[in-house]
Amino acid sequence: MRWLVLGAGGVGGYFGGRLQEAGEDVTFLVRPGRAAILRRQGLSIESPDGAARLEPRLLLPGEAAAAPFDTVLLACKAYDLDAAIAALAPHVGPGCAILPLLNGLIHLDRLDAAFGTGRVLGGLCQISATLGPSGEIRHLDLPPRIIFGERAGGSSDRVQAIAAAMAPARFKSEASDNILQDMWEKFTLLASLAGLTCLMRGSVGEIARQPGGVPVARSFLRESAAVATASGYPPRDRFLKATEQRLTDPASAVTASMLRDIERGGPTEGAHILGDMVARGRALGVATPLAEAAACHVAVYEAKRNLD
Ligand SMILES: NC(=O)C1=CN([C@@H]2O[C@H](COP(=O)(O)OP(=O)(O)OC[C@H]3O[C@@H](n4cnc5c(N)ncnc54)[C@H](OP(=O)(O)O)[C@@H]3O)[C@@H](O)[C@H]2O)C=CC1
Ligand SMILES: CC(C)(CO)C(=O)C(=O)O
């Protein structure tokens with residue numbers, strides 16, 4: 001299978017690198033700054049699952065590809081989506097499927113508008129990964145996993161082909177016949193975790209150890225789950241129990257990547273995750289006062305950052 005991976009950051013670099021390592025035909029579509037680093041030192045992965053050092057094949061925006069691609073793995077941040085869509089457009093030919101790994105949901109509408117609904121699969125990934133100081137991919141935590149599938153449900157030849165291509169790679173992959181349910185659950189988890197840890201500026205454990213910390217974490221989850229339910233995707237009991245535990249564990253050092261983005265003074269996906277959760281709640285008449293406070297808090301940070 002010929003893969004085009006847009007973005008060689010934490011997610012694109014890790015999963016694209018692991019596909020290349022497994023013998024897949026992978027090209028990374030990257031901007032000039034990242035290309036210079038990858039040309040100089042290759043694509044390095046540091047991970048408890050094993051390190052890798054690869055020579056990536058690179059394509060820059062505006063360059064022509066040697067042959068058509070079968071699957072695009074889309075791994076940019078939401079705030080870069082418009083530029084990513086423009087860079088991808090010349091490479092998305094007939095028969096090319098787009099598998100987005102972004103957190104959240106709203107990017108699906110923008111991808112549908114740009115490429116047509118039929119081209120866009122549902123997808124999500126689990127990993128905690130970031131770029132190290134020399135541009136290496138650092139897998140920090142969580143067993144890496146991609147879940148993907150047809151948004152209309154069921155399976156298809158292209159989903160089976162992607163599953164077969166991913167199977168030998170050093171990450172778990174799962175073809176889902178209910179990917180929108182999976183994406184809604186990830187959105188519910190992330191909006192709760194990002195809202196909680198960004199608003200309180202602490203890890204799950206630091207919050208849970210304070211008076212009122214556990215109830216506030218539960219309230220974040222209750223709000224997001226109510227929006228998911230009103231949207232037609234009620235979270236499954238198993239997910240709710242596991243997520244409540246994850247959000248209230250006094251020993252947990254977990255923070256959302258959004259808090260890490262704030263701590264390094266970078267842009268965030270606040271509008272894409274928290275803003276979207278609030279907007280969906282409002283449209284459905286579901287009150288989300290905590291998510292609203294968290295979305296406003298992150299929006300104030302973004303506004304001040306843009307002034308600097
Ligand atoms: N990191 C994690 O642990 C997890 C992240 N996610 C989600 O995955 C998505 C990606 O996150 P992550 O990998 O961490 O982000 P990173 O910032 O690490 O990587 C994104 C990459 O996309 C590149 N990019 C952006 N626009 C373009 C463009 N037009 N052309 C080419 N390359 C482009 C950036 O390149 P440049 O260097 O040029 O800016 C950057 O290297 C997000 O939605 C995130 O929420 C989901 C689960 C876990
Ligand atoms: C929920 C989590 C940690 C796991 O993939 C994540 O996606 C994030 O913090 O951005």
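- Residues forming a ring pair (Phe, Tyr, Trp, His ring centres under 6.0 Å) with Tyr301 (at least two apart in sequence, or on another chain): none.
- Evaluation of the ring pair (Phe, Tyr, Trp, His ring centres under 6.0 Å) rule for Phe171 yields Phe15 as partners, not counting sequence neighbours.
- Counted by atom type alone, Thr248 and Arg218 present zero donor-acceptor pairs between their side chains at under 3.5 Å.
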- request: Quick one: do Leu111 and Arg119 satisfy side-chain contact (heavy atoms from CB on, under 4.5 Å)? Show the steps, please.
  value: CA-CA 9 Å; Leu111 291 169; Arg119 287 234 170 75; over 6 Å; no
task: Please assess Val298 against Ile273 for the test side-chain contact (heavy atoms from CB on, under 4.5 Å), listing each intermediate value before the final yes or no.
output: CA-CA 11 Å; Val298 176; Ile273 305 292; over 6 Å; no
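- Side chain of Glu302 to main chain of Thr268: a donor-acceptor pair is present (N/O by atom type, distance under 3.5 Å, no hydrogens or angles).
- In the hydrophobic cluster analysis, where Ile, Leu, Val, Met, Phe, Trp and Tyr join through side-chain heavy atoms closer than 4.5 angstrom, Phe115 is grouped apart from Val159.
- The residues Arg280 and Asp276 are annotated as salt-bridged, a charged nitrogen and a carboxylate oxygen being separated by less than 4.0 angstrom.
- Salt-bridge formation is not detected for the pair Arg201/Glu263: no Lys NZ or Arg NE/NH1/NH2 atom is positioned less than 4.0 Å from an Asp or Glu carboxylate oxygen.
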query: Do Leu121 and Ile179 pass the side-chain contact (heavy atoms from CB on, under 4.5 Å) test, and can you show the C-alpha distance, the side-chain angles, and the key distance before you say yes or no?
result: CA-CA 9 Å; Leu121 293 165; Ile179 188 66; over 6 Å; no
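- For the residue pair Thr243 / Arg246, no side-chain donor-acceptor distance below 3.5 Å is found, with atom types taken as modelled.
- Side-chain contact annotation: Glu206 with Gln210, donor-acceptor N/O pair under 3.5 Å absent.
- Annotation: ring pair (Phe, Tyr, Trp, His ring centres under 6.0 Å) contacts of Phe148 (sequence neighbours excluded): none.
- Taking each heavy atom of Gly10 and Ile137 in turn, the nearest pair found is O-CG2, 3.7 Å.
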field: Trace of the side-chain contact (heavy atoms from CB on, under 4.5 Å) decision for Met166 with Trp3
entry: CA-CA 11 Å; Met166 284 183 174; Trp3 297 85; 3.8 Å; yes
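- A salt bridge links Asp261 with Lys77; the closest basic N to acidic carboxylate O contact falls under 4.0 Å.
- Under the side chain to side chain donor-acceptor pair (under 3.5 Å) test applied with Glu150, the options Ser156, Ser176, Ser155 reduce to a single match, Ser156.
- A salt bridge links Arg110 to Asp82: at least one charged side-chain nitrogen sits closer than 4.0 Å to a carboxylate oxygen.
- Looking only at atom types and distance, the side chain of Thr197 has no donor-acceptor partner in the side chain of Thr255 under 3.5 Å away.
- Scanning both residues, Pro100 and Val120, for their nearest heavy atoms gives CG-CG1, 4.3 Å.
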